[in-house]
Structure formats: C-alpha cells, structure tokens
Amino acid sequence: MSIKKLDKAALDKWVEACIKKQRVYGVQAKEDRFAFAPLAKAADLRLDYDVTILPPKKYFQPQCETLLKFDRQKGFESVFDDEPFVVFGVHPYDMVAIRQTDKLFADGQYDAHYMKRREQATIVVSDVQTASKDVFAGCMGTATINDGFDVLVTKVEGDYLVDIRTPKGELLAASISNAPDADAMSLKLRKLVWADNIEMLQKHKLDIRPDILPELLGRSYDHPVWEERAELCYSCGSCNLVCPTCYCFDVRDEVDWSLQKGERRRVWDGCLLNDFAAVAGGHNFRRNRADRFRHRYYRKGKYIPEKIGEIACVGCGRCITACTAKIANPVEVYNSLVHERK
Ligand code: SF4
Ligand code: SF4
C-alpha cells in the first residue's frame with residue numbers, strides 16, 4: 001500500500017470524489033459540539049474536532065435496527081443493511097473501540113447483522129488535532145493506532161498524509177493514486193505528531209498501567225467507592241449511551257395491530273438503567289444502584305479484558321462529560337481503588 005501527501009485543496013477534492021461515489025458519514029459541527037452525520041460536501045468535514053457527541057459505533061450498531069420481519073402466512077425473513085458506506089474522520093481511540101467490538105461480535109455467537117455492516121464499511125481514521133477536555137486516551141494506549149483501519153489521515157504542518165492500508169482503502173483512494181508519495185521528512189514529522197498526541201491526550205492521569213486493572217478490580221469488589229459514587233447516580237444511562245465500547249442491547253418484537261405480522265428490533269440498552277437486569281417474575285439481578293455502577297467498571301476493566309485481552313475503556317472521556325452527577329470518571333474511580341485501599 002502507499003502513503004500520499006495532499007494539500008488542503010487536494011484533500012477536499014478527494015473527499016468530494018468519495019461523496020460522489022457512495023454514502024459518506026463525516027464529522028461536522030453541530031452548534032458548539034461535533035457529530036458524525038451524512039456528509040454532503042467536503043467543506044463540512046471537520047478533521048480538527050475534539051470529540052463527537054456519540055461514537056461512530058452508531059453506524060455499525062444503530063440505536064434501533066430491524067433484525068427480521070415476520071408474517072404468520074409467509075414465515076420470517078432476516079433484514080440486512082448491505083449498502084457500502086464510508087466513515088470519515090474516526091479518531092484512533094474510537095477505532096480501537098470498533099476493533100474490540102469486532103472481536104466481541106465475531107466470537108461465540110456470530111452477529112451477522114453487525115458483521116455485515118462492518119464488511120460494507122470503509123473507515124478513514126484521522127489522528128487527533130484538538131484534545132477534548134476530558135480525554136485520557138494517552139493513558140490507555142489508544143491515542144494513536146497502527147492497524148484495523150482502511151486509511152489513516154494525519155495533518156503534518158498544513159499538509160495531510162494519507163496512509164492507505166487495505167484494498168478497500170485503495171479503492172476509496174483511487175482518485176488520488178497519482179498524488180505524490182509522502183517524503184521522508186513528512187514521515188518523521190508524523191512520528192512527532194504521534195508522540196505529541198500521546199502526551200496531549202492525557203487530561204486525566206491514570207496512576208497505574210491499564211493492564212493492571214483486572215488484577216486491581218479482582219481485589220476491589222467490596223471497596224466503598226461503589227456505594228459512595230452510586231449514591232449520586234440518577235441511573236440515567238448517559239454514560240452507557242455515549243461509550244464507544246458499550247454494546248449491550250435489548251430485543252423487542254413489534255407486532256402489527258392485525259396480529260398477523262411484525263418486526264423484531266434491537267435497541268441500545270445500558271447496564272446503569274434500572275431494568276437492565278430485570279427478568280420474568282419481577283426479579284432483578286442488579287436492583288441496587290451501586291451493583292449496577294460497579295458492574296460497568298468491572299465490564300470495562302476486568303470481564304471484557306479477560307475475554308479479548310484488552311481494556312474495554314479507550315479513554316475517550318465522553319462518559320465524564322455526559323454524567324451530570326460528575327461521578328462517572330473512570331480515572332477517578334480506578335485511582336481511588338489504587339490509593340484508598342479499604
Ligand atoms: S468508559 Fe468512558 S472514557 Fe472509557 S471508553 Fe467508555 S465513554 Fe469513553
Ligand atoms: S451518567 Fe452518571 S448519573 Fe447517569 S447513569 Fe451514568 S454514572 Fe449514573
């Protein structure tokens with residue numbers, strides 16, 4: 001594959017060419033914040049954004065999706081979204097989250113609906129240009145990324161290095177195949193951007209190495225921090241909804257009034273919500289707020305790492321910003337386990 005060097009005009013021209021060919025989602029300004037949305041023109045794309053309100057997972061696991069349609073006469077038919085699309089401007093930490101979800105949805109019970117969308121997607125990662133106020137990806141080893149994406153764009157002194165890594169990326173970059181290759185000096189400067197980003201994306205400092213978290217949590221189940229923080233929790237689930245590594249869902253059957261046909265849909269769910277662990281008979285395995293609060297941190301720092309070998313918090317900082325009770329900061333929670341031993 002190759003690494004091309006484009007000036008801003010050439011980058012815009014390339015983005016326009018991509019938009020002409022297929023569905024493109026890109027980061028755009030929404031009042032004073034940023035969001036991934038359908039991209040109509042290159043001028044709307046903001047690669048200098050700090051963080052998006054929702055992570056790009058919404059394109060692989062939509063908030064609400066139809067899994068199948070059923071009909072008493074005709075039986076049922078699975079529904080798949082198989083139109084190719086491009087997601088432009090994904091930050092490295094969000095790409096790490098997508099890579100983790102890929103593993104989780106391919107492992108054990110293969111999730112054909114998620115995997116179909118992943119097959120159809122071409123992902124253009126963009127190295128971070130502006131740190132958000134709560135990001136701590138630099139502590140989690142996710143401030144930069146070296147694989148899993150199709151194309152990586154890095155701004156280097158006013159130009160853009162476009163690193164094409166996969167056949168899908170090559171197809172997307174066909175219109176810039178004649179652009180000059182990145183020179184040795186630009187590649188050196190790109191390494192400096194990466195080193196700077198590791199430092200810059202540490203607005204909160206984790207006091208231990210992330211790979212120690214499973215062991216730390218292994219001996220912190222009865223720590224008072226769970227009760228103390230959960231006392232202020234509204235069980236609103238905002239921390240779940242904005243998290244790029246949360247992927248839990250609920251499945252519901254919506255039956256037509258005729259009772260002859262309907263749809264099976266899945267919708268996002270969140271482990272902080274009161275009825276997340278509710279089952280038939282009025283039982284609830286995590287009725288207590290503190291149990292739900294603790295469960296979230298155990299998922300991120302112990303249970304999922306034990307499954308896939310990676311910490312399931314990429315340090316995007318979205319939950320910190322989204323929590324109106326100001327209790328969801330994972331760095332504060334984990335640091336309190338380190339420093340305030342029960
Ligand atoms: S737990 Fe918070 S900081 Fe970590 S990935 Fe989820 S939203 Fe981002
Ligand atoms: S966002 Fe804060 S208040 Fe809401 S459920 Fe999460 S921890 Fe609780």
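Along the sequence shown, the residues carry numbers beginning at 1. Note that ligands are numbered from 1 as they come in the structure, with each ligand's atoms numbered from 1 the same way.
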Under 4.0 Å between heavy atoms, the region of Leu232 that gets near ligand 2 turns out to be neither
Nearest heavy-atom contact between Cys139 and Gln202 is SG-OE1, 3.6 Å
Near Cys239 (heavy-atom distance under 4.0 Å), the atoms of ligand 2 are 1 (S), 5 (S), 6 (Fe), 7 (S)
Ligand 2 to Tyr234, heavy atom cutoff 4.0 Å, flagged ligand atoms 3 (S), 8 (Fe)
For ligand 1, is there an atom lying under 4.0 Å from some heavy atom of Tyr93?
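So Tyr93 does not count as touching ligand 1.
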Give the residue, atom name and distance (to 0.1 Å) of the protein heavy atom nearest [atom].
atom: atom 8 (Fe) of ligand 2; result: Cys233 SG, 2.4 Å
atom: atom 2 (Fe) of ligand 2; result: Cys323 SG, 2.4 Å
atom: atom 1 (S) of ligand 1; result: Arg296 NH2, 3.3 Å

> Knowing that exactly one of Tyr59, Trp14, Phe149 qualifies, which makes a ring pair (Phe, Tyr, Trp, His ring centres under 6.0 Å) with Phe88?
Replying inline: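 The ring pair (Phe, Tyr, Trp, His ring centres under 6.0 Å) with Phe88 is passed solely by Trp14 among Tyr59, Trp14, Phe149.
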With Lys57 as the cation and Trp268 as the aromatic partner, state whether NZ or CZ is under 6.0 Å from the six-membered ring centre and within 45° of the axis.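 Here Lys57 passes the 6.0 Å and 45° test against Trp268.
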Quiz item: Cation over ring, Arg286 on Phe276, under 6.0 Å and within 45°?
Solution: no
TODO: Answer yes or no for Ala322: is there a heavy-atom contact with ligand 2 below 4.0 Å?
DONE: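 The answer is no: ligand 2 sits nowhere under 4.0 Å from a heavy atom of Ala322.
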**Prompt:** By number and element, which atoms of ligand 1 are closer than 4.0 Å to a non-hydrogen atom of Phe136?
**Reply:**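 By the 4.0 Å cutoff, the relevant atoms are 3 (S).
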With Arg190 as partner, the option from Asp159, Asp163, Asp127, Asp196 fulfilling salt bridge (Lys or Arg N to Asp or Glu O under 4.0 Å) is Asp163
Next item on the list: Please determine if Arg99 and Asp147 form a salt bridge, counting it only when a charged side-chain N lies under 4.0 Å from a carboxylate O.
Entry: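 Yes, Arg99 and Asp147 are salt-bridged.
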**Electrostatic pair Lys103-Glu310, nearest N-O below 4.0 angstrom** =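 Looking at Lys103 and Glu310, the cut-off is met.
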*Atom CZ of Phe136 and atom CG of Leu201: how far apart are they, to the nearest 0.5 Å?*
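Result: 11.5 Å between the selected atoms.
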Rounded to the nearest 0.5 Å, what separates atom CG in Asp250 from atom CG in Asp275?
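So the gap between those two atoms works out to 8.0 Å.
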Listed as residue and atom, the protein N/O/S atoms under 2.8 Å from atom 4 (Fe) of ligand 1 are Cys313 SG
Take the angle between the ring planes of Tyr298 and Tyr303 and call it parallel below 30°, perpendicular above 60°, tilted in between.
->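 It falls in the tilted class, 30° to 60°.
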> Is atom 4 (Fe) of ligand 2 less than 2.8 Å from an N/O/S atom of Cys236, whether that atom is in the backbone or a side chain?
Replying inline: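 For Cys236, the answer is yes, given that an N, O or S atom comes within less than 2.8 Å of atom 4 (Fe) of ligand 2.
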